[in-house]
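Remarks on the structure that follows.
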Amino acid sequence: MKITKYLSLGLLLLSSSTVYAFTGDFAGSWKFNVDGHSYDVTLTLTNGNLISGTMLDTEYEPVETKLVGAYYGNVIKFTQQSNTATMTTPPLTFTGYAFEGNNSNAMAGTFSYLQNNDNTESPNPIKGWYATKN
């Protein structure tokens, strides 16, 4: 009888507890450092977990490109859409993670190039990036 009572109490406490799942705050203006190059990035949350935005090269090519992607919890993945008329490098695919706690206005991850704008991964090594929120 005591075991049933404790088991029932444990199930009641377990079912009433809140499960905490961290979700990154990706929307807003960001300063990106992509393998040593600076970019101004603006991200907007759209339907559900989808993301759109812009990326402006602040060092070499004063070109603004579009970003599209999605996020799941603290993970983000997006692709820079190629503007072949003005862009001399292939688009980039980014995967990253939002930081928690005192660094909640930061994220970091990896990126890779696409070859010839045909959505196939190039043999280039994966490189890193980090970003801080403005």
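Taken from CG in Asn105 to CG in Asn134, the straight-line distance is 10.0 Å, to the nearest 0.5 Å. Atom CD1 of residue Ile126 and atom CG of residue Asp35 lie 12.5 Å apart, to the nearest 0.5 angstrom. Atoms OG and NZ, from Ser112 and Lys127 in turn, are 11.0 Å apart once rounded to the nearest 0.5 Å. The distance from atom OG1 of Thr79 to atom NZ of Lys66, rounded to the nearest 0.5 Å, is 15.0 Å.
Tested against Met107, the residues Trp30, Phe94, Tyr97, Tyr130 include a single side-chain contact (heavy atoms from CB on, under 4.5 Å) partner, Trp30. Here the options are Leu43, Asp25, Ile51, the test is side-chain contact (heavy atoms from CB on, under 4.5 Å), and the partner is Tyr71; only Ile51 passes.
With a 4.5 Å cut-off on side-chain heavy atoms, Phe32 and Thr132 do not count as touching. Inter-residue side-chain proximity for Phe111 and Val34 is flagged as met; some heavy-atom pair is nearer than 4.5 Å.
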Practice task
Applying side chain to side chain contact (heavy atoms under 4.5 Å, CB included), run through Leu67 and Gln81 and close with a yes or a no.
Solution key: CA-CA 6 Å; Leu67 306 173; Gln81 301 296 293; over 6 Å; no

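The closest side-chain donor-acceptor pair between Gln80 and Thr65 falls under 3.5 angstrom.
Listed here is the closest heavy atom pair of Thr58 and Ser38: OG1-O, 3.0 Å. Across every non-hydrogen atom of Phe26 and Gly73, the tightest pair is CE1-O, 3.7 Å. Closest heavy-atom contact between Tyr39 and Asp57: CD2-CA, 3.5 Å. Taking both residues in full, the closest heavy atoms of Glu64 and Leu56 are given as N-CD1, 4.0 Å, listed atom of the first, atom of the second, then distance.
The backbone N or O of Tyr72 sits nowhere less than 3.5 Å from a side-chain atom of Lys77 that would complete a donor-acceptor pair.
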